[in-house]
Amino acid sequence: MKRTHHCNELRLSHSGQTVTLAGWVHSRRDLGGLIFLDIRDREGRTQTVLDPSRLTREIFDRASALRSECVVSVTGTVQQRPAGTGNAKIATGEVEVAVTQLIVLNMAEVLPFPVDDPEVASKVNEELRLQYRYLDLRRPEMARHLRLRSKVAIATRQFMDEQGFLEVETPTLFKSTPEGAREFLVPNRREPGTFYALPQSPQQFKQILMVAGVEKYFQLARCYRDEDLRADRQPEFTQVDIEMSFIEREDIYQLIEGLLKRLWKTALGMDIPTPFKRISFEEALNRYGIDKPDTRFGMELVDFSDDFKGSSFKVFSGAIAAGGVVKAINAKGMAGATQGQIETMTDYAKSFGAKGLAYIKVENGEWKSPIVKFFSEAEKQALTSKLKISEGDLILFAADQWLNACEILGKIRLYCAEVLKAQGKLEVDGCPYHFLWVVEFPLLGFDREQNRWYSSHHPFTAPVADDIPMLKSDPRKVRGQHYDVVVNGVELGGGSIRIHQPDVQKTIFEDLLGIPAEETRLRFGYMLDAFKYGAPPHGGIALGFDRLIAILCGTPSIRDVIAFPKTAKGTDLMTDSPSTVSPRQLRDLYLEVKAAKKE
RNA sequence: GGGGGUGUAGCUCAAUUGGUUAGAGCGCUGCCCUGUCACGGCAGAGGUUACGGGUUCGAGCCCCGCCACUCCCGCCA
């Protein structure tokens, strides 16, 4: 009964051998006097044939009663298929197993959705797929994702090991650190009113490991964030978490380029070019309007602030006079944009606080736009030459403060690319993966509403050494030693060189972030203590492992590469969690539920 | 928290302006079929149109509410 081969193994050379296969009935083709069973396992599928002249009536009847996804073990002789009946679509298509023994290991009920037909199965409502995840995962496409994920995880470990890294596990029961993402809390039974928190990332532990002398740490770390979800965000997710001592930014770039090169080779057999291009935060915003640019296509932002500062079109000249900028993009071939598309883009602009969206449609040799009449010849000339305007183009403008103007057009640029791509009008670079480093982020941002500074990455990020003197005089200008690795407009990961001098850390916490000394001590005291006893200069990075796998699998949703993902509301449809707990459990934890119960 | 989309047979989808008994393909059940691999043929079963209200002579379709899934904004140091 034990199987001798898997279902993607038998070839002509096995002819004549008696073999046993085990697996699921992928499909049954019952011709009345002859039955074909395709047996599927993890590796593939093999056709078996039941010929009543070669087996007992009982076995034949047993085969007649089978349906899709029953689990069976079959024994028989491998034989070449009769001429003209081979199946070139499957690897085992030249042979079949003439069954002499059939054991039904388990019957299957009629399935809630088909798993054998990739066309149909991939369109099945995701709700159903999540509820019956074990069936969904049987689909070859999903099995391929699991397998690729495993291979990439193992290749990651192997590469990091070769580079001298230690894999160290860090706790998932951690201390609450209210900065950043909302945390999942875990009540502590032993002391009422105290809680663990699940870590948003092992950030603090990995820095402590540097103080501990580990020097090179990595981990495939599970992280938890209690924030609203997206196609690329789950409440629990996996990071390739890395930290190194005695390094500079260049060391991280080189390491990650090597790692990604290895992973692309392992997963796709593809050689990706290194080193990756680098672009500063400022340049990324100026040219693409976003800090994670998709550089597979152009449509770059062009600045017209000089050309329009004296313009009689007051919306433009006024914005410039107020310290802002005028920028534009040329969506080539989009002059035929529908009213709905223009409206969508206008809504994007408005969501950034703009009053509207200025545009020019270039149709029939004419500039169709309500604003063109305000433009001088020089201004038109500047537009034509800088944007290389020609028939069929759609020019879109943003006039606002620098960051806002950039972000508006950045958003619109991506929207236009999507529309043009669907119409087959977008020129896309032949290289399918555009990696780049985005560097020189501002260390701090300013929150107008709360009237305070915040860390644009996290408070342990080191300032660029030359900029440290400006920390107190002009914080806005201080650049952080922070870097993001971006591929095709997806932020794959980010990290920084950390502060290892206690005095600089103290300045950041107390003088800039405005956290009182007492609170700093409560929240981060153990870390500041650790740094007193000989902290090496260090830095690291974390890569979003789920996103990485999704990109390699070519799927837009990380749910497709996580075995048991949660829905957009954070529920697990298979196990129906989260769920209520018994009064006794609550009592043990000294908890009382005050919210109104549902139902 | 806000905005958009979806919800009709087990699955994927139709259903004209609001108008007869809500249809099709696949799947399922039964019968027939010895070279199929999307097997084929014949017959059949299968519906609280997510759910709750409302408007109407009449609602799958219109209105209000609600639930689930999904995409986006906010959020994600």
Side-chain angles (χ1 to χ4, degrees), chain A residues 26-38 45-54 60 64 67-69 79 81-90 92-93 96 98 109-132 135 177-183 200-201 203-204 223-235 237 340 344 347-348 350-352 411 414-415 441 443-445 447 453-461 480 482 491 494 496 508-509 513 515 523-524 544 556-557 559 566-569 571 573 598-599:
Chain A
H26 189 72
S27 75
R28 180 174 63 97
R29 294 178 295 282
D30 187 342
L31 275 58
L34 194 68
I35 298 172
F36 294 98
L37 293 178
D38 282 0
R45 60 188 228 239
T46 302
Q47 172 169 290
T48 67
V49 57
L50 290 94
D51 183 340
S53 66
R54 299 171 65 174
F60 192 80
S64 304
R67 67 159 70 94
S68 288
E69 301 303 308
Q79 62 188 25
R81 294 195 190 185
T85 64
N87 183 353
K89 289 182 202 159
I90 58 174
T92 59
E96 63 192 3
E109 290 190 7
V110 176
L111 304 178
F113 60 89
V115 302
D116 59 334
D117 184 341
E119 295 276 316
V120 177
S122 61
K123 283 164 72 185
V124 170
N125 184 355
E126 190 165 6
E127 202 175 342
L128 207 63
R129 291 174 49 204
L130 289 172
Q131 187 184 346
Y132 298 95
L135 296 180
T177 55
E179 298 279 311
R182 188 181 300 116
E183 300 167 316
Q200 307 164 28
S201 79
Q203 183 62 36
Q204 294 170 43
C223 308
Y224 306 86
R225 292 178 190 175
D226 187 8
E227 297 290 351
D228 288 335
L229 308 180
R230 292 283 189 283
D232 62 351
R233 280 175 7 203
Q234 283 274 303
F237 61 99
T344 301
D347 287 346
Y348 280 140
K350 285 181 177 169
S351 73
F352 281 92
K411 189 85 190 161
L414 291 177
Y415 177 76
F441 285 78
L443 183 69
L444 299 156
D447 185 330
W453 294 97
Y454 61 90
S455 296
S456 51
H457 182 46
H458 62 56
F460 312 111
T461 303
H482 170 47
E491 183 193 330
S496 62
I508 299 277
F509 276 142
L513 302 180
I515 305 173
R523 281 199 220 163
F524 303 112
S557 167
R559 287 189 301 273
K566 303 207 171 22
T567 68
K569 287 230 173 79
T571 63
L573 296 177
K598 278 189 179 179
E599 288 174 279

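These numbers come from a predicted model, not from an experiment. Numbered from 1 within each chain, the chains take letters A, B, ... in sequence-line order.
B:U49 makes up no base pair with any nucleotide shown, lacking Watson-Crick or G-U wobble contacts both under 3.5 Å. Taking a pair to require two hydrogen-bonding distances under 3.5 Å in either a Watson-Crick or a G-U wobble arrangement, B:C69 pairs with B:G5. Across all strands shown, B:A24 pairs with B:U12; the Watson-Crick or G-U wobble distances both stay below 3.5 Å. In this structure B:G35 sits in no base pair that meets the Watson-Crick or G-U test at under 3.5 Å.
Nucleotides B:C76 and B:A38 place their C1' atoms 45 Å apart, quoted to the nearest Å. Using atom P as the reference point in both B:G19 and B:C63, the two lie 15 Å apart (nearest Å). For the P atoms, the distance from B:A50 to B:A68 is 16 Å, rounded to whole Å. Taking the P atom of each, B:C61 and B:U20 are spaced 14 Å apart, rounded to whole Å. Taking atom C1' on both nucleotides, B:U6 is separated from B:A45 by 29 Å, rounded to a whole Å. Annotation: B:U29 and B:G46 have their C1' atoms spaced 10 Å apart (nearest Å). Distance check on atom P: B:C26 versus B:C42 gives 11 Å, rounded to whole Å. Going from the C1' atom of B:G7 to that of B:A15 covers 16 Å, rounded to whole Å.
Take the nearest nucleotide of RNA chain B for A:Phe460 and for A:Tyr348: the residue whose nucleotide is more 5' is A:Tyr348.
A:Ala231 approaches A:Pro556 most closely through the heavy-atom pair CB-O, 4.1 Å.
For A:Ser27, the side chain to side chain contact (heavy atoms under 4.5 Å, CB included) criterion is met by A:Arg29, A:Asp38, not counting sequence neighbours. Under the rule for a salt bridge (Lys or Arg N to Asp or Glu O under 4.0 Å), A:Asp116 has no partner lying at least two apart in sequence or in another chain. Residues that satisfy the salt bridge (Lys or Arg N to Asp or Glu O under 4.0 Å) test with A:Glu127, not counting sequence neighbours, are absent from this structure. Listed by chain and residue number, nothing satisfies the ring pair (Phe, Tyr, Trp, His ring centres under 6.0 Å) test with A:His26 (two or more places apart in sequence, or in another chain). Residues satisfying the salt bridge (Lys or Arg N to Asp or Glu O under 4.0 Å) test with A:Arg523, not counting sequence neighbours, are A:Glu179, A:Glu519. By the salt bridge (Lys or Arg N to Asp or Glu O under 4.0 Å) test, A:Glu126 is found to be paired with A:Arg559, residues two or more places apart in sequence or in another chain being considered. Residues passing the ring pair (Phe, Tyr, Trp, His ring centres under 6.0 Å) test with A:Tyr348, sequence neighbours excluded: A:Tyr415.
Regarding A:Glu227, its CD atom lies at a distance of 12 Å from the P atom of B:G74, rounded to whole Å. In this structure, A:Leu573 atom CG and B:A68 atom P are separated by 10 Å, rounded to whole Å. The CZ atom of A:Arg559 sits 11 Å away from the P atom of B:C69 (whole-angstrom rounding). The separation between A:Arg233 atom CZ and B:C72 atom C1' is 11 Å, rounded to whole Å. Computed from coordinates, the A:Arg230 CZ to B:C75 P distance equals 10 Å when rounded to whole Å. Rounded to whole Å, atom P of B:G3 lies 14 Å from atom CG of A:Asp228. Taking atom CG of residue A:Asp232 and atom C1' of nucleotide B:U70, one finds them 14 Å apart after rounding to whole Å. Taking atom CD of A:Gln200 as the reference point, atom C1' of B:C75 lies 12 Å away to the nearest angstrom.
At least one side-chain heavy atom of A:Arg28 sits under 4.5 Å from a side-chain heavy atom of A:Ile35.
At a threshold of 4.0 angstrom between heavy atoms, the contacts of A:Thr177 with the nucleic acid are absent. Contact annotation for A:Lys411: backbone-only contact, meaning every heavy-atom pair under 4.0 Å involves sugar-phosphate atoms and none involves a base. If you check every strand for non-hydrogen atoms under 4.0 Å, A:Ser351 touches nothing.
Considering only side-chain N and O atoms, A:Thr344 lies nowhere under 4.0 angstrom from the phosphate OP1 or OP2 of B:C72.
Side-chain N or O atoms of A:Arg225 include one that pairs as donor or acceptor with a backbone N or O of A:Gln200 at under 3.5 Å. With hydrogens and angles ignored, the 3.5 Å screen pairs a side-chain donor or acceptor of A:Arg81 with a backbone N or O of A:Gly93.
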Can you pull every protein N or O that's under 3.5 Å from an N or O on nucleotides 11-13 of chain B?
unit_1: B:U12; atom_1: OP1; unit_2: A:Asn125; atom_2: N; d: 2.7
unit_1: B:U12; atom_1: O2'; unit_2: A:Lys123; atom_2: NZ; d: 3.4

B/S/- contact track for nucleotides 27-40 of chain B, protein heavy atom under 4.0 Å: -SS---BBBBBSB-
